[in-house]
Amino acid sequence: MAGNAGIVKNIIHSGYRYVPIKDGCKVHFHFQTWRLDPQRVLLDDSRKIGKKEPMVMIIGHKFKLEVWETVIKMMAVGEIASFRVKQELVFSYPFVAKTLRELDKPPHKVKHSCTMSLHQEGLGYADLDGLINHPSDLEFIFELLKVEREDEYEKEIWQLNIQERIDMIPELKEKGNLLYGKKMYDEAEEKYKQALGIIEQLMIRERKGDEEWINLNNAKLPLLLNYAQCKLVKCEYYPVIEHCTYVLQYDRDNEKALYRRGKAHMGAWNPEKALADFYRLKRINPSMKAAVDKEIEIIHQLKKDKSEQDKDVLKNLFQQEKSAQ
């Protein structure tokens with residue numbers, strides 16, 4: 001048995017390898033949480049709540065329950081240990097537990113509340129509300145499954161500093177291009193989306209129109225076009241129109257943006273807007289005349305077909321009204 005300020009450790013099963021756990025390490029573990037009242041009550045078990053998967057935590061990234069980082073550092077890989085922790089070290093556990101229990105729920109299903117309303121209305125779990133109103137010591141039983149050093153795993157975006165995020169943008173773009181070439185459109189779209197997310201976070205830090213903002217925006221435009229192409233392939237026309245319009249605000253003669261927006265306007269049945277994009281494209285780049293004329297011909301044929309369909313509908317309505325008289 002071992003302990004330090006407010007924590008008492010008891011080894012249940014010895015581990016097989018000790019790895020120094022430092023800031024930046026990624027640890028994988030299962031846990032149980034027991035309330036230490038006169039009756040010992042199980043609150044949570046990672047194998048039964050949320051995604052029912054091992055917990056993953058990055059050491060040194062201000063996890064809301066700091067004591068977990070403290071006790072994990074006291075373990076070896078493969079070890080199962082019990083930690084009895086004084087209530088003053090686990091006051092935030094109910095709020096952490098609520099988040100962990102709801103990891104399997106879609107974001108729009110999870111109710112977010114301010115601290116005041118949480119205390120007034122509760123967390124939505126009677127046992128957690130009881131722990132808030134009547135705090136007690138807790139026992140955590142951890143099974144440490146795996147420890148990865150900082151250089152042994154691919155960092156998530158939120159872990160990266162600004163320069164690392166900037167360096168990641170072309171890597172994500174290249175991965176997206178490779179996935180698109182394999183016709184893995186959803187996966188390619190996700191890579192472009194991640195890169196765009198990084199750029200937009202960085203742009204928020206800059207003043208619009210400043211040199212750094214302009215450089216970031218210039219990097220954003222080709223990514224938006226690639227993202228729009230993924231949407232176009234999946235016949236999601238309105239996002240294509242939106243993103244290509246953004247590109248054209250800063251590069252009014254961008255041929256890819258005009259072509260893709262024209263195709264999207266066709267799909268969304270905005271024929272006049274589609275024609276305007278294609279005619280402009282043909283003026284900008286006469287070498288595309290054959291391909292553009294083909295699209296224009298399709299639009300005119302679709303308009304003709306629709307006009308005939310509308311005439312037939314009106315004719316049928318007229319005949320129905322005449323028969324009813």
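The analysis underlying the following values was restricted to heavy atoms, covering all of them including side chains, and did not include hydrogens, waters or symmetry mates. Numbers here are sequence positions counted from 1.
The hydrophobic cluster containing Tyr250 also contains Ile199, counting ILVMFWY residues as joined when their side-chain heavy atoms lie under 4.5 angstrom apart, directly or transitively. Placement of Ile214 and Ile162 within a single hydrophobic cluster is found when ILVMFWY residues are connected by side-chain heavy-atom separations under 4.5 Å, directly or transitively. Met55 and Leu145 end up in different hydrophobic clusters when Ile, Leu, Val, Met, Phe, Trp and Tyr side chains are linked at under 4.5 Å. Hydrophobic clustering of Ile, Leu, Val, Met, Phe, Trp and Tyr side chains at less than 4.5 Å, counting indirect connections, keeps Val240 apart from Leu248. A single hydrophobic cluster is seen to contain both Val96 and Leu89, as judged by linkage of ILVMFWY side chains at heavy-atom distances under 4.5 Å, directly or through other members.
Between Lys26 and Val56, the shortest heavy-atom distance links the atoms CG-CG1, 3.6 Å. Across Ala76 and Gly15, no two heavy atoms sit closer than the pair CB-CA, 4.3 Å. Heavy atoms only, all atoms of each residue included: Leu223 and Ala195 are closest at CD1-CB, 3.8 Å. Summarising the geometry of Gly176 relative to Ala188, their closest heavy-atom pair is O-CB, 3.3 Å, with the distance given to 0.1 Å. Nearest approach of Leu65 to Ser92, heavy atoms of both residues: CD1-OG, 3.3 Å. Smallest separation of non-hydrogen atoms from Ala264 and Ile241: CB-CG1, 3.6 Å.
Around atom CD of Glu297, no more than 12 heavy atoms belonging to other residues, nucleotides or ligands sit under 6.0 Å away. Counting non-hydrogen atoms of other residues, nucleotides and ligands closer than 6.0 Å to CD of Glu152 gives a total above 12. Atom NZ of Lys73 has more than 12 heavy atoms from other residues, nucleotides or ligands within 6.0 Å. Glu255 CD: more than 12 foreign heavy atoms inside a 6.0 Å radius.
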| request: Walk me through it: do Lys303 and Glu272 pass the test salt bridge (charged side-chain N to carboxylate O under 4.0 Å, His left out)? | output: CA-CA 10 Å; Lys303 288 177 67 178; Glu272 300 308 323; 2.5 Å; yes
| query | Does the pair Lys231 and Glu242 meet the rule for a salt bridge (charged side-chain N to carboxylate O under 4.0 Å, His left out), with working shown? | reply | CA-CA 11 Å; Lys231 292 291 189 183; Glu242 176 187 350; over 6 Å; no
| field | Full working for side chain to side chain contact (heavy atoms under 4.5 Å, CB included) between Lys9 and Val71 | value | CA-CA 8 Å; Lys9 176 183 179 182; Val71 300; over 6 Å; no
| task | Could you give me the CA-CA distance, side-chain angles and deciding distance for Glu139 and Arg40, then say whether salt bridge (charged side-chain N to carboxylate O under 4.0 Å, His left out) is met? | result | CA-CA 9 Å; Glu139 179 184 9; Arg40 187 168 175 267; 2.8 Å; yes
| query | Where do Arg47 and Glu143 land on the salt bridge (charged side-chain N to carboxylate O under 4.0 Å, His left out) test, with the steps shown first? | reply | CA-CA 11 Å; Arg47 290 181 169 87; Glu143 179 183 0; 2.8 Å; yes
| said: If you apply the rule side chain to side chain contact (heavy atoms under 4.5 Å, CB included), what do you find for Lys146 with Val77, and how did you get there? | reply: CA-CA 6 Å; Lys146 182 179 179 182; Val77 178; 5.7 Å; no
| message | Quick one, Lys191 with Met184, criterion side chain to side chain contact (heavy atoms under 4.5 Å, CB included). Give me CA distance, side-chain angles, the key distance, then yes/no. | response | CA-CA 11 Å; Lys191 295 300 179 184; Met184 299 171 66; over 6 Å; no
| task | Could you walk me through whether His243 and Leu225 pass side chain to side chain contact (heavy atoms under 4.5 Å, CB included), step by step? | result | CA-CA 7 Å; His243 298 314; Leu225 286 173; over 6 Å; no
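In this structure, Asp277 CG and Arg260 CZ are separated by 13.5 Å, a value rounded to the nearest 0.5 Å. Rounding to the nearest 0.5 Å places CZ of Arg261 at 11.0 Å from CG of Leu281. Going from atom CG of Leu172 over to atom CZ of Arg165 covers 12.0 Å, rounded to the nearest 0.5 Å. Taken from CD in Glu102 to CD1 in Ile49, the straight-line distance is 10.5 Å, to the nearest 0.5 Å. Atom CG in Leu196 sits 10.5 Å away from atom NZ in Lys173 (nearest 0.5 Å). The CE atom of Met203 sits 11.5 Å away from the CG atom of Asp210 when rounded to the nearest 0.5 Å.
Formation of a donor-acceptor pair under 3.5 Å by the Asp251 side chain with backbone atoms of Val247 is not found in this model. Side chain of Asp137 to main chain of Gln87: a donor-acceptor pair is present (N/O by atom type, distance under 3.5 Å, no hydrogens or angles). Here the side chain of Ser46 pairs a donor or acceptor atom with the backbone of Phe31 at under 3.5 angstrom. Checked by atom type and distance alone, the side chain of Lys98 pairs as donor or acceptor with a backbone atom of Leu123 at under 3.5 Å. Listed for the Asp37 side chain is no donor-acceptor partner under 3.5 Å among the backbone atoms of Gln39.
At a threshold of 4.5 Å between non-hydrogen side-chain atoms, the residues Phe29 and Met75 do not count as touching. Side-chain contact between Lys22 and Ile59 is absent, with no heavy atoms from C-beta onward closer than 4.5 Å. A 4.5 Å side-chain heavy-atom check between Ser14 and Tyr16 finds every atom pair outside the cut-off. Contact check for Arg280 versus Asp253: side-chain heavy atoms found under the 4.5 Å cut-off. When side chains are defined from C-beta on, Glu295 counts as touching Ile298, because their heavy atoms get closer than 4.5 Å. Within the 4.5 Å cutoff, the side chain of Leu128 has heavy atoms near those of the Arg101 side chain. With contacts defined as side-chain heavy-atom distances shorter than 4.5 Å, the pair Ile21/Ile72 qualifies. Proximity of Met74 to Glu79: side-chain heavy atoms (C-beta onward) are nowhere separated by under 4.5 Å.
When Thr33, Val67, Leu36 are each tested for a side-chain contact (heavy atoms from CB on, under 4.5 Å) with Val85, only one passes: Val67. Each of Tyr180, Tyr227, Tyr192 was compared with Tyr185 under the ring-ring contact (aromatic ring centres under 6.0 Å, His included) criterion, and only Tyr180 meets it.
Sorted by first and then second residue, the pairs that involve residues 267-293 and meet ring-ring contact (aromatic ring centres under 6.0 Å, His included), not counting sequence neighbours, are Tyr259-Phe278.
Aromatic ring pairs are classed by plane angle as parallel below 30°, tilted from 30° to 60° and perpendicular above 60°; the pair Phe140 and Tyr93 is tilted.
For the residue pair Glu148 and His28, a side-chain donor N or O sits within less than 3.5 Å of a side-chain acceptor on the partner.
In this structure, Lys193 does not pair ionically with Glu189, as no charged nitrogen and carboxylate oxygen lie closer than 4.0 Å. A salt bridge links Glu236 with Lys234; the closest basic N to acidic carboxylate O contact falls under 4.0 Å. Salt bridge Lys282/Asp293: present, at least one basic N to carboxylate O contact under 4.0 Å.
Cluster partners of Ile204: none. The rule joins Ile, Leu, Val, Met, Phe, Trp and Tyr whenever side-chain heavy atoms lie under 4.5 Å apart, and it links nothing here.
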